[in-house]
Amino acid sequence: MSTSSSKKFKNPRPIYHQTGQKCSISGVGSYVPEKILTNSDLEKIVDTTDEWILSRTGISERRIAADDEYASDMATVAAKRAMEDAGVTADDIELIIVATITPDMPFPSTACLVQRNLGALRAAAFDVEAACSGFIYALEIGQQFIMSHTYETVLVIGAEKLSTIVDWTDRNTCVLFGDGAGAAILRSNGGTHGLLTACMGADGNKSELLSMPGGGSRNPATIQTVNDRLHFLRMDGREVFKNAVNAMFSASRTVLERCELDISEIKCVIPHQANQRIISAVGERLGVSSEQLFTNVEKYGNTSAASVAIALDEAAKNGNIERSDLILLLVFGAGLTWAAAVIEW
Ligand code: UT7
């Protein structure tokens, strides 16, 4: 390879080193619902204050989807915007992967509903469930299909309607989450830029720290499970916080080392937008400057699988990243799961 990137990365990831190809993100798009729920609004619902939420989380407001607006609808709008950005049509798309923990329904997959909405009838479609880490999991899966020459155009989406699984009587969790969707079009290219590497991890031993116990085969819906509020998410916030900082730091180090990159060479670091304090703690440990760090948690709260997808779109559209800039994405979520990726934009 005689590209500038091959000189920059002495130890490139074998998959594109061998093929001379990279999987590029050729378009991004996002969507957030119109309705804004502010911290002051929440003061009227639970025993909380704007001051507590802002100082402990960095969140000022979040978006809430309309009653008749579902994960697949938000995913579809984000996807159309990404397709327009990439200049691809529904006929070009060969695979749709939707990362979500709030599918429209347990089955069919939300990806199939998006396929129908888009009229992308050539595309295979499935969902990925890796909670807040879902978008990078989906990116990595999409990349594998591109690098193996199975598909040329893959649509990857993170979409959530978390407002439907949030317990609006629980002040520990209801202030944190919001709804939205983000999407990316993956395509193969000649090797000049793209997804350089990604790593994913999980620790099922800590699955109880963040979960929604009801609605699956273990606790199918009954009057009892509804009365026991098992259909809402539950979280041990303090433990999740500690694990999030450690896992996102380690995953970031792994992908930077693989690419032989120093953090100072990264133009834009886009972490999962769960809590400003988590973002700052990881940023500090990695040695990231405030100019490098992209955050929008104050506007949207934690949108789980949609979080970095929305942030990536905003960073690209706002001019925070430009062609050939290096970007670090890092995520963490229920499972526990985590992931990081380095992209040459
Ligand atoms: O997407 C990945 C998964 N999610 C996350 O990454 C979230 C990780 N965790 C966190 O972000 C933080 O742990 C929280 C924001 C959830 C909580 O912040 P914290 O600083 O860890 O607070 P805490 O849970 O230790 O609670 C401190 C106090 C408690 O009162 P006492 O026991 O000290 O009297 C809570 O009851 O704050 C109280 N509290 C609240 N007070 C006002 C908890 N929630 C609220 C609230 N308003 N909304």
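Keep in mind that the numbers below use all heavy atoms, side chains included, and drop hydrogens, waters and symmetry copies. Both ligands and their constituent atoms are indexed starting at 1 by order of listing.
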Distance only, no hydrogens: is a donor on one side chain within 3.5 Å (strictly under) of an acceptor on the other, for Thr225 and Asn219?
no

Just wondering, do Leu155 and Leu118 contact through their side chains at under 4.5 Å, heavy atoms?
yes

Atom 16 (C) of ligand 1 sits nearest the protein heavy atom Leu176 CD1, 3.8 Å

Can you pull out the closest protein heavy atom to atom 5 (C) of ligand 1? Residue, atom name and distance to 0.1 Å, please.
Val240 CG1, 3.7 Å

Location of contacts on Ala244 toward ligand 1, heavy atoms closer than 4.0 Å:
neither

Do any N/O atoms on Arg56 end up under 3.5 angstrom from N/O atoms on ligand 1?
yes

Just jot down the ligand 1 atoms closer than 4.0 angstrom to any heavy atom of Cys132, in number order.
1 (O), 2 (C)

Could you tell me which atoms of ligand 1, counted from 1 in the order shown, lie closer than 4.0 angstrom to a heavy atom of Val175?
48 (N)

When you group the ILVMFWY residues by side-chain heavy-atom contacts below 4.5 Å and let the links chain together, are Ile146 and Ile96 in the same group?
no

Pair Ser26, Ser24: side-chain N/O donor-acceptor within cut-off below 3.5 Å
no

If the cut-off is 4.0 Å to any non-hydrogen atom of His272, which atoms of ligand 1 fall inside it?
1 (O), 2 (C)

Would you kindly say whether Ser324 and His193 are connected by a side-chain donor-acceptor distance under 3.5 Å?
no

Side chains of Glu43 and Ser40, donor plus acceptor under 3.5 Å
no

So, Asn275 and Thr57: side-chain donor and acceptor under 3.5 Å apart, yes or no?
no

Atom 18 (O) of ligand 1 has as its nearest protein heavy atom Arg277 NH1, 3.7 Å

Will you find, in the side chains of Glu284 and Ser280, an N or O donor that is under 3.5 Å from an N or O acceptor?
no

Asp170 and Thr173 side chains, donor-acceptor separation under 3.5 Å:
yes

Measure Asn172 to ligand 1 on non-hydrogen atoms and call it side chain, backbone, both or neither using the 4.0 Å cut-off.
both

Strictly by modelled atom types, are Glu61 and Thr38 linked by a side-chain donor-acceptor pair under 3.5 Å?
no

Which residue holds the protein heavy atom closest to atom 11 (O) of ligand 1, what is that atom called, and what is the gap in Å?
Asn275 ND2, 2.7 Å

Any idea which protein heavy atom is nearest atom 39 (N) of ligand 1, and the distance to it?
Trp52 CZ2, 3.4 Å

So the atoms of ligand 1 within less than 4.0 Å of a heavy atom of Met235 turn out to be 4 (N), 7 (C)

Given Thr303, Thr48, Asp50, Asp236, which one has a non-hydrogen atom that is nearest to atom 47 (N) of ligand 1?
Thr48

Sub-4.0 Å protein heavy atom next to atom 31 (P) of ligand 1:
no

Using a heavy-atom cut-off of under 4.0 Å, does the side chain or the backbone of Leu210 touch ligand 1, or both, or neither?
side chain

Would you say atom 7 (C) of ligand 1 has a protein heavy atom nearer than 4.0 Å?
yes

Of the protein's non-hydrogen atoms, which lies at the shortest distance from atom 35 (C) of ligand 1, and what is that distance?
Arg171 NH2, 3.9 Å

Considering heavy atoms of the protein only, find what lies nearest to atom 9 (N) of ligand 1 and give residue, atom and distance to 0.1 Å.
Gly237 O, 3.0 Å

Between Ile278 and ligand 1, find which residue part has any heavy-atom pair under 4.0 Å and reply side chain, backbone, both or neither.
side chain

What I want to check is whether the side chains of Asn302 and Arg62 have a donor and an acceptor closer together than 3.5 Å.
no

Which residue and non-hydrogen atom of the protein lie closest to atom 21 (O) of ligand 1, and at what distance in Å?
Arg238 CG, 3.6 Å

Element-labelled atoms of ligand 1 that are located less than 4.0 Å from some non-hydrogen atom of Thr57:
15 (C)

Just checking, is any N or O donor in the side chain of Arg258 or Thr197 under 3.5 Å from an acceptor N or O on the other one?
yes

Are a donor atom and an acceptor atom from the side chains of Asp91 and Thr89 found within less than 3.5 Å of each other?
no

